[in-house]
Amino acid sequence: MTTIRLLDATEARVAIPDLCDVLVDCVDGGASVGFMQPYTREDAEPYWQAVAESAATGATLLFVAKVEGRVLGTVQIGVAQMPNQPHRADLKKLLVHRAARGKGLARLLMHAAEEEAARRGKTILVLDTATGSDAEAIYPRLGWERVGVIPDYALWPEGGFCASTFFYKRIA
């Protein structure tokens, strides 16, 4: 059974070990999500602690997908914006463990995140993803509009420049 949950700060802290496993698996699998290989659970822990703190302040919404009680996917919405952008939010770190891909977790996570962002008055979401990655193909299927590509925007986890594709989606 799969469940999608928006975690509060306490639940986020409890989920850190599982979230570390998901992030490490994604980076090991070549996902360009801000981290370089080799990447360990010990490397991932401070990142997730910071996300839990951001959830505590309300700046970040942290969603997880649980399959049979285990966190196998996650996505974040950065809802804290500058005063001239109260209607906008940033979609961040859509991650699905390689063992759970192809089961619709990304779609379920995105749907929950978009619905909650709309409930909070957001009308447009933005994201970027590695150009040419498997992740890039997901977003158009979910109704996101491609804006363009910036070359050499980041690095692949194993090294080498990576272009990034930017997307947006109107949600209300």
Side-chain angles (χ1 to χ4, degrees), residues 1-35 41 44-81 87-130 133-146 165-172:
M1 176 162 174
T2 300
T3 59
I4 306 298
R5 296 239 332 142
L6 171 61
L7 303 184
D8 64 24
T10 301
E11 293 168 318
R13 288 182 192 101
V14 170
I16 286 175
D18 282 347
L19 290 165
C20 288
D21 289 344
V22 172
L23 180 56
V24 168
D25 177 73
C26 289
V27 173
D28 285 350
S32 178
V33 291
F35 306 102
R41 291 188 75 209
E45 198 166 305
Y47 171 76
W48 289 113
Q49 289 171 348
V51 171
E53 290 309 309
S54 187
T57 68
T60 298
L61 306 177
L62 174 62
F63 296 84
V64 295
K66 287 188 173 186
V67 179
E68 297 176 8
R70 181 175 168 214
V71 174
L72 291 175
T74 183
V75 70
Q76 300 166 50
I77 297 283
V79 292
Q81 299 295 335
H87 60 290
R88 184 176 74 76
D90 297 317
L91 187 116
K92 304 184 286 188
K93 304 283 188 278
L94 174 62
L95 305 168
V96 175
H97 195 286
R98 287 177 289 177
R101 292 187 185 162
K103 300 178 190 310
L105 297 185
R107 179 179 301 278
L108 292 170
L109 284 162
M110 292 290 286
H111 180 74
E114 291 170 11
E115 280 193 342
E116 184 62 28
R119 270 194 292 279
R120 293 174 185 241
K122 303 303 179 179
T123 59
I124 192 164
L125 299 177
V126 297
L127 68 84
D128 68 272
T129 191
S133 67
D134 291 341
E136 182 184 13
I138 292 169
Y139 301 111
R141 292 194 308 259
L142 299 177
W144 288 71
E145 297 291 328
R146 184 178 185 266
T165 303
F166 286 74
F167 290 89
Y168 76 92
K169 184 174 185 180
R170 293 193 186 279
I171 56 171

Practice task
Any chance you could lay out the side-chain contact (heavy atoms from CB on, under 4.5 Å) test for Gln81 and Asp90, step after step, and finish with the verdict?
Solution key: CA-CA 9 Å; Gln81 299 295 335; Asp90 297 317; 3.3 Å; yes

Practice task
Go through Ile77 and Leu91 one step at a time and tell me if the side-chain contact (heavy atoms from CB on, under 4.5 Å) criterion holds.
Solution key: CA-CA 5 Å; Ile77 297 283; Leu91 187 116; 3.7 Å; yes

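For Ile171 against Ala118, the heavy-atom pair with the smallest separation is CD1-N, 3.6 Å. Contact between Leu19 and Val64 at its shortest, heavy atoms only, is CD2-CG1, 3.9 Å. Closest non-hydrogen pair, Lys92 versus Val75, comes out as O-CG2, 3.6 Å. Between Ala65 and Ile4, the closest heavy-atom pair is CB-CD1, 3.5 Å.
For His87, the NE2 atom sits in a packed shell: over 12 heavy atoms of surrounding residues, nucleotides or ligands are nearer than 6.0 Å. Other residues, nucleotides and ligands place more than 12 heavy atoms under 6.0 Å from the CZ atom of Arg98. Within 6.0 Å of CG on Asp8 lie more than 12 heavy atoms contributed by other residues, nucleotides or ligands.
Here Trp48 pairs with nothing under the side-chain hydrogen bond (donor to acceptor under 3.5 Å, both in side chains) rule; sequence neighbours left out. Partners of Thr60 according to the side-chain hydrogen bond (donor to acceptor under 3.5 Å, both in side chains) rule, which considers only residues two or more places apart in sequence or in another chain, are Ser54.
When side chains are defined from C-beta on, Leu94 does not count as touching Thr129, because their heavy atoms never get closer than 4.5 Å. Gln76 places a side-chain heavy atom less than 4.5 Å from the side chain of Val51. Between Arg170 and Glu145 the shortest side-chain heavy-atom distance does not fall below 4.5 Å. Counting heavy atoms from C-beta on, the side chains of Phe167 and Pro140 come closer than 4.5 Å.
No donor-acceptor pair closer than 3.5 Å links the side chain of Lys93 to the backbone N or O of Thr74. Remark: side-chain polar atoms of Lys169 are paired, donor with acceptor, to backbone N or O of Leu142 under 3.5 angstrom. Lys122 places a side-chain N or O within 3.5 Å of a backbone atom of Val79 that can act as its donor or acceptor partner.
Atom CG of Leu125 and atom OH of Tyr168 lie 12.0 Å apart (nearest 0.5 Å). Distance check: Leu72 CG to Lys66 NZ gives 10.5 Å after rounding to the nearest 0.5 Å. The CG atom of Leu127 sits 9.5 Å away from the OG1 atom of Thr165 when rounded to the nearest 0.5 Å. Separating the CG atom in Leu23 from the CD1 atom in Ile16 is a distance of 12.0 Å, to the nearest 0.5 Å. Note that the CG atom of Leu61 and the CZ atom of Arg119 stand 10.0 Å from one another [nearest 0.5 Å]. Rounding to the nearest 0.5 Å places SG of Cys26 at 4.5 Å from CZ of Arg101.
Applying the side chain to side chain donor-acceptor pair (under 3.5 Å) test to pairs two or more places apart or on separate chains, those with a residue in residues 10-24 are Arg5-Glu11, Arg13-Glu53, Asp21-Arg41.
The aromatic rings of Tyr139 and Trp144 sit perpendicular, their planes meeting at an angle over 60°, well past the 30° parallel limit.
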